There are 2 protein chains.
Amino acid sequence: MSQKKSAPSDAPIEVLRLDNQLCFALYGAANRMTRLYRPMLDALGLTYPQYLAMLVLWEASPRTVGALGDALDLDSSTLTPLLKRLEAGGLVERARDPEDERRVIVALTDKGRALRDQAVSIPEKLFCALDMPLETMGALRDQLKTVAK
Amino acid sequence: MSQKKSAPSDAPIEVLRLDNQLCFALYGAANRMTRLYRPMLDALGLTYPQYLAMLVLWEASPRTVGALGDALDLDSSTLTPLLKRLEAGGLVERARDPEDERRVIVALTDKGRALRDQAVSIPEKLFCALDMPLETMGALRDQLKTVAK
DNA sequence: AACGATTTAATCGTGTGCGATATAAATGCA
DNA sequence: TGCATTTATATCGCACACGATTAAATCGTT
């Protein structure tokens with residue numbers, strides 16, 4: 001029953017099998033999710049991370065770069081260029097906080113606020129595309145929040 | 001109880017809330033997982049996607065670029081540069097298949113095979129770092145495999 | 001007030017992901 | 001056979017992620 005002998009050095013090692021790895025399941029699911037969103041987001045002119053940043057801003061604008069980074073769990077080295085592209089697209093404005101010149105305040109423009117009207121249909125389209133019961137989805141989401149946190 | 005009136009255009013819309021989105025939970029968990037692996041993989045001189053590619057090759061080498069792409073669900077535009085870096089590191093060799101010159105065969109070198117001995121300890125370290133019951137992990141993994149597939 | 005420590009963004013370099021396109025080899029079929 | 005089609009990689013451009021570093025502003029302590 002118990003197979004304690006060490007495997008020969010060129011035998012497959014069960015613990016390393018790709019199929020068994022949570023990390024790979026996560027990696028693949030995240031990539032597939034991005035691909036699923038892409039056609040819908042193309043229509044809005046947004047990338048997937050840009051969409052997530054807009055979700056945060058639609059909840060509350062203005063926000064500092066740091067606050068956005070906390071919400072998205074991203075560093076300024078990722079966010080700064082992303083926000084500059086949103087600014088170039090006219091969706092946000094960036095300005096130093098007069099109260100504390102270290103901070104940069106990111107605020108939605110009218111165009112950025114207006115884009116939300118086109119985004120509201122996305123979650124439902126995605127829900128259909130995923131074809132997964134709502135409770136399953138919620139449970140999965142809540143479990144994922146606990147991963148590596 | 002039921003709140004059917006349409007929200008004013010600047011009110012938060014429940015369906016767009018970041019906290020409710022499976023996509024964001026997935027995005028964040030995948031990023032955190034990569035960060036968790038990084039220090040361990042740095043010791044092997046591998047990036048996270050490179051580690052996944054090596055997992056595939058440790059299961060069976062040689063493999064064509066296409067077979068690797070199928071296993072990892074990645075395009076040649078992602079794999080080719082990654083494999084060139086593995087080749088530059090002396091872990092794999094790439095050569096055209098004489099049987100079919102369109103194909104490129106990727107094979108582990110001795111160094112690539114030897115690296116597996118240092119990788120075997122990673123899954124256990126990760127399992128400890130994740131601090132999640134084994135059954136929960138397995139269930140989560142299996143659910144993720146069904147996402148957007 | 002002074003000045004070192006801390007905080008906040010930005011910058012830079014490396015390595016992905018992926019759409020679009022290119023190229024060459026193999027295949028199909030009239 | 002000849003040639004269009006298909007298949008297998010590679011190339012290119014753009015946009016992340018993130019570690020490391022930098023620069024500027026603020027804070028704390030004296």
Side-chain angles (χ1 to χ4, degrees), chain A residues 24 26-39 41-42 45-54 63-70 72-89 92 94-106 148, chain B residues 24 26-39 41-54 62-70 72-89 91-92 94-106 148:
Chain A
F24 179 62
L26 203 47
Y27 171 81
N31 285 343
R32 292 193 302 274
M33 186 66 86
T34 306
R35 282 176 223 153
L36 202 57
Y37 269 96
R38 189 181 302 274
L41 295 180
D42 280 350
L46 292 176
T47 65
Y48 186 65
Q50 285 168 13
Y51 170 69
L52 297 176
M54 291 301 287
R63 299 264 266 254
T64 65
V65 171
L68 284 167
D70 288 343
L72 295 166
D73 196 10
L74 289 177
D75 195 76
S76 73
S77 54
T78 299
L79 269 180
T80 298
L82 185 155
L83 293 171
K84 282 185 176 177
R85 282 185 283 271
L86 290 181
E87 188 179 35
V92 307
R94 298 178 328 121
R96 288 278 166 189
D97 182 352
E99 302 279 306
D100 182 344
E101 292 277 348
R102 290 172 303 181
R103 290 200 279 257
V104 165
I105 293 177
V106 181
Chain B
F24 179 62
L26 204 46
Y27 170 81
N31 285 345
R32 292 194 302 273
M33 186 67 85
T34 305
R35 281 175 223 154
L36 202 58
Y37 268 97
R38 189 180 302 273
L41 295 180
D42 280 350
L44 305 197
L46 292 176
T47 65
Y48 186 66
Q50 286 169 12
Y51 170 69
L52 296 177
M54 291 301 287
R63 299 264 267 256
T64 65
V65 171
L68 284 167
D70 288 344
L72 295 165
D73 196 9
L74 289 176
D75 194 77
S76 73
S77 54
T78 300
L79 269 180
T80 297
L82 185 156
L83 293 171
K84 283 186 175 176
R85 282 184 282 270
L86 289 181
E87 188 180 34
L91 300 176
V92 306
R94 298 178 329 122
R96 288 281 164 187
D97 182 353
E99 304 278 307
D100 183 342
E101 293 277 349
R102 290 172 303 181
R103 289 201 279 257
V104 166
I105 293 177
V106 181

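Values in this document were obtained by computation on a predicted structure and should not be read as measured data. Below, read A as the first sequence line, B as the second, and so on, with proteins coming before strands; counting in each chain starts at 1.
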Colleague: Just verifying a value: how many Å separate B:L86 CG and B:L79 CG, rounded to the nearest 0.5 Å?
Modeller: 9.5 Å

Colleague: What nucleotide, of D:dA25, D:dA10, C:dA9, holds the atom closest to the side chain of A:T80?
Modeller: C:dA9

Colleague: For B:M54 and B:L41, what are the C-alpha separation, side-chain angles and deciding distance, and is it a side-chain contact (heavy atoms from CB on, under 4.5 Å)?
Modeller: CA-CA 12 Å; B:M54 291 301 287; B:L41 295 180; over 6 Å; no

Colleague: Rounded to the nearest 0.5 Å, how far apart are CD of A:E99 and CG of A:D97?
Modeller: 5.5 Å

Colleague: Distance criterion of 3.5 Å, no angle test: do you see the side chain of A:R102 paired donor-to-acceptor with the base of C:dT7?
Modeller: yes

Colleague: Measure CG/A:L83 against C1'/D:dA17 and give the value in whole Å, please.
Modeller: 14 Å

Colleague: Encode nucleotides 12-22 of chain C as B, S and - characters from 5' to 3', where the letter depends on protein heavy atoms closer than 4.0 Å: B to the base, S only to sugar-phosphate, - to neither.
Modeller: B--SBBBBB--

Colleague: When you measure from the side chain of B:R103 to the backbone of B:R96, do you find a donor-acceptor pair of N or O atoms at a distance under 3.5 Å?
Modeller: no

Colleague: Atom CG of A:L79 and atom P of D:dA17: how far apart are they, to the nearest Å?
Modeller: 10 Å

Colleague: Please report the distance, rounded to the nearest Å, between CD in B:E101 and C1' in D:dA8.
Modeller: 12 Å

Colleague: Nearest heavy-atom pair of B:Y48 and A:F24: which atoms, and what distance?
Modeller: OH-N, 4.3 Å

Colleague: Rounded to the nearest 0.5 Å, how far does CG of A:L68 lie from CG of A:L74?
Modeller: 9.5 Å

Colleague: What is the distance, to the nearest angstrom, from the CZ atom on B:R96 to the C1' atom on C:dA26?
Modeller: 13 Å

Colleague: Out of D:dT26, C:dA26, D:dA8, which nucleotide sits closest to the side chain of B:R103?
Modeller: D:dA8

Colleague: Ignoring backbone atoms, test whether A:K84 places a side-chain nitrogen or oxygen under 4.0 Å from the OP1 or OP2 oxygen of C:dA9.
Modeller: no

Colleague: Give a yes/no on whether any side-chain N or O of A:R94 is located under 4.0 angstrom from OP1 or OP2 of C:dA10.
Modeller: yes

Colleague: Rounded to whole Å, how long is the line connecting atom CG of A:L72 with atom C1' of D:dA15?
Modeller: 15 Å

Colleague: Rounded to whole Å, how long is the line connecting atom CG of A:L68 with atom P of D:dC16?
Modeller: 14 Å

Colleague: Using whole Å, report how far CG of A:D97 lies from P of C:dT7.
Modeller: 17 Å

Colleague: Quickly work out the A:E87 CD to D:dA15 P distance and round it to whole Å.
Modeller: 15 Å

Colleague: Please walk me through it: do B:L46 and B:L91 pass side-chain contact (heavy atoms from CB on, under 4.5 Å)?
Modeller: CA-CA 10 Å; B:L46 292 176; B:L91 300 176; 3.7 Å; yes

